Amino acid sequence: MIDTVLVSKFQSPNSYTGEDSIEISCHGGVIIADMIIKVLIEAGAEYAEPGEFTKLAFLNGKLDLLQVEAVADMIHSVSTAGVATSARQLIGEFTLRLSAFREQLLRIAALLELELDFSEEGLELIDRKVIEEKINSSIQYCQELSDSYTASNILRSGYFVGIIGFPNSGKSTLFNTLLNRNRAIVSEIAGTTRDYLEETLYINNLPIRLIDTAGIRDSIDIIEIEGIKLVDSVIEQSNLILILNDASESLDNSNQLFDKLNEKYPQTQKLIIQNKTDLIDTIENNDNIFISAKNKTGIDKLKTFLENEIKQSTERVSDVLINQRHYNKLQEVLQNLTQAKVSLLNQMENEIISIDIRYATKLIGEITGEAWNEEVLDLIFSSFCIGK
Ligand SMILES: Nc1nc2c(ncn2[C@@H]2O[C@H](COP(=O)(O)OP(=O)(O)OP(=O)(O)O)[C@@H](O)[C@H]2O)c(=O)[nH]1
Ligand SMILES: [Mg+2]
């Protein structure tokens, strides 16, 4: 006797995997479930691989690849908006959109090929301008989808904000003030923070992944040097870098650092923040935000700024979450459509144009999983946990 449980029997094909299956619902806690699993294993059952159930569901045609990825996104999502979007993807909304897109391209290809059949009679059935417009709108649609990649990542994993600056500018103090607790060590000794620290802060239900880093300077301390090296990796994953300047030294102290970062990471959003303004008489300007991390002044303004930034960077997400795999395929689709457009403008044969468009439709099929291979499946299911 272990527990009194509920056993549910699912008859094929009406189960999650599409196969006959049994679900055992036991009372809560870890021990009971473990004891039941042990008995089952002794009786010949086997542990599932990570994502094995969802993989079976895919192989048995219960879910397409986009829906499979939606399951992973739902499980791992850190925001309510991310869950809502992947839930829509799970019921097949993204698949429908892509099928419509694919059909639109197939119609263009068909028009071009149809004309080919009549070409010997010298008839021009369709206006090339009309074809050009159709290709243009397809390119635009594809571009919009891939543009939402960054925004999708923010909904999926959070908005990454790195706090960067020279030693002693008050980075750890600001980190603590934003989190409202003393998480990082603060001291007047330059070089206090050696590793980097990451904590989550919620603004409007959206998680901000705040990262405190080691101050940037030429150092001879091995541990500090390692910490400074890590700053690059923090910047690389940041959506926004806050460059904290010690205003009591000079308002322009970090301008060169800003320029250098701008050169190295032109795509990443950056903002200089003037800190320690309690120590000086400031003439505020609109380019910077003026705060005292220690006295907690100007923090509301900074939070409002962050809130607006997140709003702006996530507004691109319409109703699908684009991941790296989708993004790469969409880039290939774009290339083929652009090639088709170039051929059209160069008065190439219809046949040449339609080959590229047909190839684009094949690529779209690969996104939904009409065409797949083991390598793609392994990649997708590696992000799953056991038992899903
Ligand atoms: N007056 C004043 N002092 C501040 C302010 N913010 C930080 N400090 C002080 O500046 C010193 C350095 O602060 P930290 O937060 O440790 O600076 P940091 O940038 O994290 O320094 P490292 O980790 O060494 O790179 C501490 O003595 C803080 O109390 C501020 O707004 N006003
Ligand atoms: Mg610090």
Side-chain angles (χ1 to χ4, degrees), residues 159-201 203 208-262 264-265 268-306:
Y159 184 77
F160 284 79
V161 177
I163 308 176
I164 312 287
F166 294 124
N168 260 353
S169 52
K171 297 177 297 299
S172 301
T173 310
L174 175 62
F175 185 70
N176 289 341
T177 298
L178 284 171
L179 292 173
N180 227 350
R181 64 193 168 98
N182 284 335
R183 169 71 181 82
I185 300 173
V186 166
S187 88
E188 67 285 353
I189 302 165
T192 305
T193 309
R194 268 95 182 285
D195 208 338
Y196 67 85
L197 300 174
E198 188 186 320
E199 287 292 329
T200 306
L201 163 81
I203 294 186
I208 296 184
R209 310 282 283 267
L210 201 60
I211 309 168
D212 179 25
T213 62
I216 297 171
R217 66 166 172 183
D218 288 328
S219 173
I220 47 161
D221 183 308
I222 296 283
I223 297 174
E224 193 179 342
I225 291 170
E226 287 304 313
I228 295 171
K229 277 190 202 153
L230 286 175
V231 175
D232 272 311
S233 70
V234 170
I235 298 176
E236 270 158 28
Q237 63 168 325
S238 292
N239 299 104
L240 168 72
I241 317 171
L242 300 179
I243 299 159
L244 203 57
N245 183 54
D246 184 343
S248 70
E249 290 191 12
S250 145
L251 290 183
D252 304 327
N253 220 16
S254 306
N255 288 2
Q256 267 190 334
L257 177 61
F258 180 90
D259 292 341
K260 256 193 197 157
L261 291 175
N262 224 4
K264 199 162 172 196
Y265 306 98
T268 314
Q269 276 274 89
K270 293 161 216 79
L271 177 77
I272 293 191
I273 297 181
Q274 301 293 352
N275 186 32
K276 308 200 189 180
T277 50
D278 52 299
L279 298 178
I280 52 159
D281 298 324
T282 52
I283 311 152
E284 301 212 0
N285 61 35
N286 287 332
D287 292 342
N288 299 161
I289 288 184
F290 288 74
I291 65 164
S292 164
K294 194 172 172 182
N295 295 352
K296 305 188 198 310
T297 56
I299 302 299
D300 282 345
K301 205 172 161 192
L302 174 57
K303 281 193 174 170
T304 309
F305 172 82
L306 290 178

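Whatever order the structure lists them in is the order used to number ligands and atoms, beginning at 1. Starting from 1, each residue takes its place in the sequence as its number. The shown structure was predicted, so the numbers you read here are calculated from the model rather than taken from an experiment.
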Location of contacts on Ser292 toward ligand 1, heavy atoms closer than 4.0 Å: both

For ligand 1, which atoms sit closer than 4.0 Å to a heavy atom of Leu279? 1 (N)

Can you tell me if an N/O/S atom from Thr193 lies under 2.8 Å from the Mg ion (ligand 2)? yes

Check whether any N, O or S atom of Thr192 sits under 2.8 Å from the Mg ion (ligand 2). no

Per-atom contacts, ligand 1 versus Ser187 - under 4.0 Å to a heavy atom: 11 (C), 12 (C), 13 (O), 16 (O), 26 (C), 27 (O)

Nearest non-hydrogen protein atom to atom 28 (C) of ligand 1, with distance, is Val186 CG1, 3.7 Å

Answer whether the closest heavy-atom distance between the side chains of Thr297 and Asp278 falls below 4.5 Å. no

Which ligand 1 atoms does Asn275 reach within 4.0 Å, using its non-hydrogen atoms? 5 (C), 6 (N), 31 (O)

What protein heavy atom sits nearest atom 21 (O) of ligand 1, and how far off is it? Asn168 N, 3.0 Å

Does Asp212 reach ligand 1 with a nitrogen or oxygen that is under 3.5 Å from one of the ligand's nitrogen or oxygen atoms? no

Kindly indicate, with the supporting measurements, whether the criterion side-chain contact (heavy atoms from CB on, under 4.5 Å) is fulfilled by Phe305 and Ile273. CA-CA 11 Å; Phe305 172 82; Ile273 297 181; over 6 Å; no

Steps toward side-chain contact (heavy atoms from CB on, under 4.5 Å) verdict (Asp232, Lys264): CA-CA 10 Å; Asp232 272 311; Lys264 199 162 172 196; 3.2 Å; yes

Name the one of Asn245, Asn275, Asp259, Leu244 that satisfies side-chain contact (heavy atoms from CB on, under 4.5 Å) with Ser254? Asn245

Between the main-chain N or O of Thr192 and the side-chain N or O of Ser187, is there a donor-acceptor pair closer than 3.5 Å? no

How close does the nearest protein non-hydrogen atom get to atom 3 (N) of ligand 1, and which residue and atom is it? Lys294 CD, 3.5 Å

Considering only NZ, NE, NH1 and NH2 on the basic side and carboxylate oxygens on the acidic side, decide whether Asp246 and Lys276 come within less than 4.0 Å. yes

Mind checking whether Ala184 contacts ligand 1 via backbone (N, CA, C, O), side chain (CB onward), both or neither, at a 4.0 Å heavy-atom cut-off? neither

So, regarding Ala293 and ligand 1 (criterion: nitrogen or oxygen to nitrogen or oxygen, under 3.5 Å), is there a contact or not? yes

Counting each atom of ligand 1 from 1 as listed, which ones have a heavy atom of Ala190 under 4.0 Å away? 24 (O)

Please confirm whether the backbone N or O of Phe160 pairs with a side-chain atom of Gln237, one donor and one acceptor, at under 3.5 Å? no

Quick look: Thr277 vs ligand 1, heavy-atom contacts under 4.0 Å, and the answer is neither

Closest protein heavy atom to atom 10 (O) of ligand 1, given as residue, atom name and distance to 0.1 Å: Lys276 NZ, 3.0 Å

Taking N or O atoms only and a 3.5 Å limit, does Thr213 qualify as a polar contact for ligand 1? no

Contact atoms of ligand 1, heavy-atom distance to Gly170 under 4.0 Å: 7 (C), 13 (O), 14 (P), 15 (O), 17 (O), 18 (P), 19 (O)

Which residue and heavy atom of the protein sit nearest atom 15 (O) of ligand 1, plus the separation: Thr173 OG1, 2.5 Å

With the side chain counted from C-beta on, respond yes when Lys171 and Leu242 share a heavy-atom pair under 4.5 Å apart, and no when they do not. no

Minimal non-hydrogen separation, Thr193 against Ile185, with atom names: OG1-O, 4.3 Å

Here's a test for you: under side-chain contact (heavy atoms from CB on, under 4.5 Å), which of Thr304, Thr277, Leu302, Ile272 qualifies with Ile289? Leu302

How about Lys301 and Phe290: do any of their side-chain heavy atoms sit closer than 4.5 Å? no

Positive for side-chain contact (heavy atoms from CB on, under 4.5 Å) with Val231, one of Ile241, Leu261, Thr213, Ile211: Thr213

For the 3.5 Å polar cut-off, considering only N or O atoms, please tell me whether Ala214 and ligand 1 meet it. no

What do we get for Asp278 next to ligand 1 when only non-hydrogen atoms under 4.0 Å count, side chain, backbone, both or neither? side chain

Is it true that Asn176 lies under 4.0 Å from ligand 1, counting heavy atoms only? no

So if I count the atoms of ligand 1 from 1 in the order they appear, which ones are less than 4.0 Å from some heavy atom of Ile189? 24 (O)

Would you say CZ of Phe258 has more than 12 non-hydrogen atoms from neighbouring residues, nucleotides or ligands within 6.0 angstrom? yes

Is there a donor-acceptor pair closer than 3.5 Å between any side-chain N or O of Asn176 and the backbone N or O of Ala184? yes

With a heavy-atom distance limit of 4.0 Å, tell me whether Ile291 approaches ligand 1 through its side chain, its backbone, both, or neither. neither

For the side chain of Arg217 and the backbone of Ala190, is there at least one donor-acceptor N/O pair under 3.5 Å apart? yes

Need the ligand 1 atom indices (1-based, order shown) with element for anything under 4.0 Å from a heavy-atom of Glu188. 27 (O)

Can you name the atoms of ligand 1, numbered from 1 with element, that are less than 4.0 Å from a heavy atom of Lys171? 15 (O), 17 (O), 18 (P), 19 (O), 20 (O), 21 (O), 22 (P), 25 (O)

Does some non-hydrogen atom of Gly165 fall short of 4.0 Å from ligand 1? no

